[in-house]
Amino acid sequence: IAIECHTGFRKNGEVNVIHQFEVAGIAIQLFGDSLSDEMLDVLVAACFLHDVLEDHSDKYDEQRLTDVGFSEHVLTLVKLVTKEEGFSKTKDEYEAYYFAILGNVFAIFLKAMDRLHNLRSMTAGFSETRQIDYINETILYILPLLKEARRMDSSMYMKSLTLSQQIQSVINTASFKLKHLVVDKN
């Protein structure tokens, strides 16, 4: 389904579906040795499907994903990280969106893993303004979600800390480059 839906190329020039493979790879690196096979399957499936409802609901809506055999647990994770059609990027909508994710530790990790890969690839595809907005959103919402994941489930402490540190490292590098780009333009 990920290959079928994610054709074409990302803004950074990568084949589109690479993103889903990268997010799944992050999940396997973080959780491969600590989750049951069943839960790891759920998380990896959600990694491959995390953009389907948001970007390709014309091909695969929630009912069709159920019909092809995905569990309610997979669908819950995917639905939690899916922004509703017409999402207007207001503070209230962002807060409601992230508040819903806050209720599920695996949705937190799914969103954070997605964000980590997007941050890693943003400098080659996002405008400077979009990069700054993306970094600010990450600092305001994603990093606090990961802190909350540590509080919600102590067994996730090191995984959350590791993911937070990786995100912060990418932010630091991107911020450094952005400052130099802005200075060089003046």
Side-chain angles (χ1 to χ4, degrees), residues 2 19-20 22-32 34-36 38-57 61-62 65-66 70-122 126 130-172 174-175:
H19 173 65
Q20 282 66 35
E22 291 286 342
V23 175
I26 294 167
I28 291 167
Q29 287 176 330
L30 275 176
F31 294 102
S34 62
L35 292 180
S36 67
E38 180 183 344
M39 191 59 220
L40 186 60
D41 286 349
V42 165
L43 187 57
V44 169
C47 289
F48 279 105
L49 297 173
H50 76 272
D51 286 329
V52 169
L53 292 178
E54 189 170 315
D55 299 336
H56 304 283
S57 61
D61 60 11
E62 186 179 339
L65 290 174
T66 300
F70 288 103
S71 70
E72 185 57 37
H73 203 161
V74 171
L75 292 174
T76 296
L77 293 177
V78 172
K79 288 186 294 187
L80 284 169
V81 300
T82 298
K83 291 182 180 127
E84 295 290 325
E85 188 175 339
F87 186 85
S88 62
K89 298 183 179 183
T90 64
K91 183 180 181 202
D92 288 344
E93 284 194 347
Y94 273 116
E95 288 179 358
Y97 171 70
Y98 284 109
F99 184 76
I101 291 171
L102 183 61
N104 185 306
V105 72
F106 288 106
I108 292 171
F109 277 98
L110 178 57
K111 184 63 184 179
M113 294 181 302
D114 172 42
R115 182 57 56 104
L116 174 59
H117 183 255
N118 284 333
L119 285 165
R120 287 177 175 165
S121 61
M122 76 175 178
F126 288 7
R130 178 69 179 118
Q131 289 179 55
I132 291 166
D133 290 346
Y134 211 64
I135 288 168
N136 288 336
E137 181 185 341
T138 303
I139 291 167
L140 187 60
Y141 297 109
I142 304 292
L143 292 175
L145 282 176
L146 285 167
K147 282 184 183 178
E148 187 58 30
R150 294 194 287 271
R151 287 188 205 106
M152 290 169 69
D153 186 340
S154 62
S155 71
M156 299 292 178
Y157 186 87
M158 288 308 297
K159 291 166 185 9
S160 174
L161 187 61
T162 298
L163 195 52
S164 293
Q165 289 171 338
Q166 289 179 11
I167 288 170
Q168 191 62 59
S169 177
V170 176
I171 287 172
N172 292 346
S175 297

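None of these values were measured; they are calculated from a predicted model. We number each residue from 1, following the sequence as shown.
- At least one side-chain heavy atom of I171 sits less than 4.5 Å from a side-chain heavy atom of Q168.
- Annotation: side chain of M152 is not in contact with side chain of M156 (no heavy-atom distance under 4.5 Å).
- In this structure, CG in L77 is found 12.0 Å from NE2 in H50, a value given to the nearest 0.5 Å.
- Formation of a donor-acceptor pair under 3.5 Å by the E54 side chain with backbone atoms of T82 is not found in this model.
- Side-chain atoms of T76 come within 3.5 Å of backbone atoms of E72 as a donor-acceptor pair (strictly under, hydrogens ignored).
- Geometric assessment of R151 against the ring of Y157 yields a negative cation-pi assignment under the 6.0 Å and 45° thresholds.
- Side-chain atoms of L140 and N136, non-hydrogen and from C-beta on, never get closer than 4.5 Å to each other.
- Rounding to the nearest 0.5 Å places OG of S36 at 12.0 Å from CZ of F31.
- Looking at E62 and S57, their side chains never come closer than 4.5 Å, going by heavy atoms from C-beta outward.
- At least one donor-acceptor pair under 3.5 Å links the side chain of S164 to the backbone N or O of S160.
- For the atom pair CG (L163) and CD (Q29), the distance works out to 10.5 Å, reported to the nearest 0.5 Å.
- With sequence neighbours excluded, the residues that form a side chain to side chain donor-acceptor pair (under 3.5 Å) with S88 are E93.
- The shortest heavy-atom contact between D114 and V23 is CA-CG2, 3.8 Å.
- Using modelled atom types, one finds a donor on one side chain and an acceptor on the other under 3.5 Å when comparing D153 with S155.
- Residues Y97 and K111 have side chains that bring a donor and an acceptor to within less than 3.5 angstrom of each other.
- Atoms CZ and CD1, on R120 and I26 in that order, are 4.5 Å from each other to the nearest 0.5 Å.
- Proximity of M113 to L43: side-chain heavy atoms (C-beta onward) are separated by under 4.5 Å at one or more points.
- For S121 (side chain) and H117 (main-chain N/O), a donor-acceptor pair under 3.5 Å exists by modelled atom type.
- Here the side chains of K89 and K83 are not in contact, with every heavy-atom distance at 4.5 Å or above.
- Considering CG of L143 and CZ of R115, their distance stands at 9.5 Å, rounded to 0.5 Å.
- In summary, of the residues considered (I108, N104, L110), a side-chain contact (heavy atoms from CB on, under 4.5 Å) with V81 occurs for L110 alone.
- D61 has its side chain out of reach of L65: every pair of non-hydrogen atoms, C-beta onward, lies at least 4.5 Å apart.
- At least one side-chain heavy atom of F109 sits under 4.5 Å from a side-chain heavy atom of L146.
- Salt bridge K79/E84: absent, no basic N to carboxylate O contact under 4.0 Å.
- Looking at residues two or more places apart in sequence or on another chain, you find a ring-ring contact (aromatic ring centres under 6.0 Å, His included) between Y94 and F87, Y141.
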